[in-house]
Amino acid sequence: RLDGEGKSPRKIMEAVIFDDIQRTADYLHPFYSRSKGLDGYVSLDIDPRLDRDSEEIQAEGLRLAFDVDRANVMIQVPATPDGLKAAERLIADGVSINFTHVYTPKTYSAVAHAYLRGIETFLHTLDIWRMSPVSVVSLPLHRLNTAVDQALEHHPDELSAQLRGQIGAAVGREVYGRFRDIFHGPKWETLVKEGAHLQRPLWANSSTPVYPDTIRSLSPDRLNTYLHHQPSVRPPHNDRSQTQDQLQALADFGIDLAILEQNLQLESSAPT
């Protein structure tokens, strides 16, 4: 029908996506209502070609939130330097944000503080008009593990073998520790009383254990396993000093997680 009306391929694609997002958001709205705006969200991605311009990301995020017109929709924004700037302003404008492509503890901390600055601005300017926005931080640890293991292939020794398959979990433990540190204390408690929601880490397709106050995304196969053998929710057993030792050992091999993260982010925004 849209093709017959002379709509461009981009307009047709967007109409199909919006219809899908709106139907799913409506289906999940009861969960959103029962959780008082904490759960029941659908994520909508921004055009990856805009990842390197904060003003364009902000404008596109506002446009998508307005056009989709559902309270329980999150706009996905990559955790690039420009993405962080744009997302902070979007949160201040009341837009819920799913920060994506976070691979290092340092970037996680930057994301968490961007959320805090944005939500503080929102609460002091716009909260009389609408509910507080919600945010999650997506950490694709399996993808990080794959990239690190490929880099470790150039270092075939015993220590390298011990690190393979472990860095994603190590980053997850350190991120969780920072999460508990950042969202704690008098300043955060004041924001909670004013209506702020906890920004939760989201372990994307990861085998990371179920840590308290976090989220896991699951494939259909993993979901069936989860429903039959629901794992217990527990904080990490390993202390952060062991995690720091593993990350330092990786750095001693000359593998820079920050550079790996930049490469993975560039791959995600590359045209296909």
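All residue numbers in this chain count up from 1 along the given sequence.
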* Is it true that atom CZ of Arg63 has more than 12 heavy atoms of other residues, nucleotides or ligands lying nearer than 6.0 Å? -> yes

Donor-acceptor contact below 3.5 Å, side chain Arg164 vs main chain Leu152: yes

The reported gap from OG1 in Thr146 to NE2 in His142 (rounded to nearest 0.5 angstrom) is 4.0 Å

Rounding to 0.5 Å, atoms CD1 (Ile75) and CD1 (Ile91) come to a distance of 11.5 Å

Under a 3.5 Å threshold, yes or no: a donor from one side chain and an acceptor from the other, between Ser109 and His113?
no

Report task. Would you confirm whether Gln265, through its side chain, and Ala79, through its main-chain N or O, come within 3.5 Å as a donor-acceptor pair? Result -> yes

Using the ring of each side chain (for Trp, its six-membered ring), is Tyr115 parallel, tilted or perpendicular to Phe183, with breaks at 30° and 60°?
tilted

| query | Is there a donor-acceptor pair closer than 3.5 Å between any side-chain N or O of Asn98 and the backbone N or O of Met74? | reply | no

NZ (Lys36) and NE2 (His197) are apart, to the nearest 0.5 Å, by 10.0 Å

Note to self: Counting C-beta onward and ignoring hydrogens, is there a side-chain heavy-atom pair between Glu194 and Leu191 closer than 4.5 Å?
What the structure shows: yes

Q: Taking atom types as modelled, find out whether Arg200 and Thr214 have a side-chain donor-acceptor pair closer than 3.5 angstrom.
A: no

One should read off an interatomic distance between Arg173 CZ and Gln244 CD, to the nearest 0.5 angstrom, of 10.5 Å

(message) Tell me if a side-chain donor or acceptor on Asp53 pairs with a main-chain N or O of Glu55 at a distance below 3.5 Å.
(response) yes

Answer yes or no: does atom CZ of Arg23 have more than 12 heavy-atom neighbours from other residues, nucleotides or ligands under 6.0 Å? no

Tell me whether Arg216 contacts the main-chain N or O of Ala204 through its side chain, where contact means a donor paired with an acceptor under 3.5 Å. no

Between Gln199 and Ser135, is there a donor-acceptor pair closer than 3.5 Å when you use the side chain of the first and the backbone of the second? no

Looking only at heavy atoms, the pair that brings Leu198 and Asp213 closest together is CD2-CB, 3.8 Å

Are more than 12 heavy atoms from other residues, nucleotides or ligands located less than 6.0 Å from atom CG of Asp252? yes

**Expected output: side-chain Asn72 to main-chain Tyr32 donor-acceptor under 3.5 Å** = no

Subject >> Arg240 backbone acceptor or donor facing Glu174 side chain under 3.5 Å >> reply: no

To the nearest 0.5 Å, atom CG of Asp26 lies from atom CD1 of Ile21 at 11.0 Å

Quick test of your reading of the model: are Arg143 and Glu267 salt-bridged, counting only N-O distances below 4.0 Å? yes

Note to self: Can you tell me how the ring of His101 sits relative to the ring of Tyr103, calling it parallel under 30°, perpendicular over 60° and tilted otherwise?
What the structure shows: parallel

key: ILVMFWY cluster, Leu2 and Met13 together (side-chain gap under 4.5 Å)   = no

>> Tell me whether Tyr176 contacts the main-chain N or O of Pro212 through its side chain, where contact means a donor paired with an acceptor under 3.5 Å.
In response: yes

Interatomic distance, CD@Glu261 vs OG1@Thr104, rounded to 0.5 Å, equals 3.5 Å

Are the side chain of Ser96 and the backbone N or O of Val134 linked by a donor-acceptor pair below 3.5 Å? yes

